[in-house]
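Numbers here are sequence positions counted from 1. Just so we're clear, the structure is a prediction, and the values are computed from it rather than from any experiment.
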Amino acid sequence: QNLLINLLQSVHKDIWLLVSSYIIFEDIQRFSNIFTILQSFQKKKEVRILILTTNDTQKQFSEKTGFKAEGNFEIRYIDYTGLSNFEVEANTLIAIFDRNKSLAIRFKERKENTVDSFSQLIESSVYTVGKDTVMASILLFERLWYQTKLIQNVKDSVSLQKEFVNLAAHELRNPIQ
């Protein structure tokens with residue numbers, strides 16, 4: 001917990017977090033108040049958070065946190081519902097700091113909310129320093145970040161297409177004279 005908070009506070013340029021579930025993000029928030037720390041960086045540093053989730057938990061997250069994207073602070077979601085042969089490992093955090101340090105934390109499986117400290121949540125962690133050793137995490141994060149943008153563009157295109165078809169159908173039924 002101390003390493004995570006110290007790394008967050010020592011960042012100069014950007015923080016990228018890949019969180020494998022909303023529950024993990026909630027647990028981290030509960031013990032380290034990470035969301036408040038990250039929001040304090042909004043204008044100074046780039047903060048990107050990717051959360052693997054379903055549409056339902058996206059709404060829950062937005063409602064609970066009251067988060068509004070401002071400045072350099074953005075959260076994107078990767079919806080994994082409906083994907084065949086896709087098993088979500090719902091207990092991992094990968095944090096990238098200034099693109100030259102990373103902290104990967106694997107959290108223990110738990111059935112109930114009986115954990116009293118952050119350290120009780122952690123199964124294992126790996127801290128790496130140096131651009132070369134962090135590169136795999138950077139590439140993974142950038143690919144997923146870009147993928148979320150592409151998915152949103154496709155959704156926007158489909159929406160525009162439906163709107164155009166509805167408008168054209170209306171005009172064919174009721175032509176302007």
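Within the 4.5 Å cutoff, the side chain of Ile96 has no heavy atoms near those of the Ile15 side chain. Using a 4.5 Å heavy-atom threshold, the side chains of Leu17 and Leu50 count as separate. A 4.5 Å side-chain heavy-atom check between Leu7 and Val11 finds every atom pair outside the cut-off. No side-chain heavy atom of Asn2 sits under 4.5 Å from any side-chain heavy atom of Phe118. Residues Tyr77 and Leu52 fail the side-chain proximity criterion, which asks for heavy atoms closer than 4.5 Å. With a 4.5 Å cut-off on side-chain heavy atoms, Tyr127 and Lys101 count as touching.
Under the rule for a side-chain contact (heavy atoms from CB on, under 4.5 Å), the partners of His12 that lie at least two apart in sequence or sit in another chain are Asp98. Annotation: side-chain hydrogen bond (donor to acceptor under 3.5 Å, both in side chains) contacts of Asn166 (sequence neighbours excluded): none. Taking the side-chain hydrogen bond (donor to acceptor under 3.5 Å, both in side chains) definition, one finds that Gln29 meets it with Asn33, sequence neighbours left out. Remark: Glu123 engages Arg106 in a side-chain hydrogen bond (donor to acceptor under 3.5 Å, both in side chains) (not counting sequence neighbours). Scored by the side-chain hydrogen bond (donor to acceptor under 3.5 Å, both in side chains) test, Thr128 finds Ser102 as partners (sequence neighbours excluded). Residues that satisfy the side-chain contact (heavy atoms from CB on, under 4.5 Å) test with Ile5, not counting sequence neighbours, are Gln1, Gln9, Ser32, Ile37. Among residues two or more places apart in sequence or in another chain, the ring pair (Phe, Tyr, Trp, His ring centres under 6.0 Å) test is passed with Phe141 by Trp16, Trp145.
How far CZ of Arg30 is from CG of Leu121: 6.5 Å, rounded to the nearest 0.5 Å. One finds the NZ atom of Lys45 at 10.0 Å from the CG atom of Leu8 (value rounded to the nearest 0.5 Å). For the atom pair OG of Ser21 and CD1 of Ile51, the computed distance is 8.5 Å after rounding to the nearest 0.5 Å. Once rounded to the nearest 0.5 Å, the distance linking CG of Asp27 with CD1 of Ile122 reads 11.0 Å. Within the model, atoms CD1 of Ile78 and CD of Gln147 stand 6.0 Å from one another, a figure rounded to the nearest 0.5 Å.
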Show me, pair by pair, the donor-acceptor contacts under 3.5 angstrom made by side chains of residues 131-140, not counting sequence neighbours?
residue, atom, partner, partner atom, Å
Thr133, OG1, Val129, O, 3.0
Thr133, OG1, Gly130, O, 3.0

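The 12-atom threshold is not exceeded at CD of Glu163, counting heavy atoms of other residues, nucleotides or ligands nearer than 6.0 Å.
Using a 4.5 Å cut-off between side-chain heavy atoms of Ile, Leu, Val, Met, Phe, Trp and Tyr, with links allowed through other members, Phe107 and Leu3 fall into the same hydrophobic cluster.
Sorted by first then second residue, the salt bridge (charged side-chain N to carboxylate O under 4.0 Å, His left out) pairs that include residues 142-151, not counting sequence neighbours, number zero. Listed by first then second residue, pairs satisfying salt bridge (charged side-chain N to carboxylate O under 4.0 Å, His left out) with a partner in residues 13-22 read Asp14-Arg99, not counting sequence neighbours.
Think of Leu150 as one node in a network of Ile, Leu, Val, Met, Phe, Trp and Tyr side chains linked at under 4.5 Å; its network also takes in Tyr146. Grouping Ile, Leu, Val, Met, Phe, Trp and Tyr by side-chain contacts under 4.5 Å, direct or through others, puts Val154 with Val158.
A side-chain contact (heavy atoms from CB on, under 4.5 Å) with Val19 is found for exactly one of Ile105, Leu93, Ile75, Ile94, namely Leu93.
With hydrogens and angles ignored, the 3.5 Å screen pairs a side-chain donor or acceptor of Ser20 with a backbone N or O of Thr92.
A salt bridge links Glu46 to Arg48: at least one charged side-chain nitrogen sits closer than 4.0 Å to a carboxylate oxygen.
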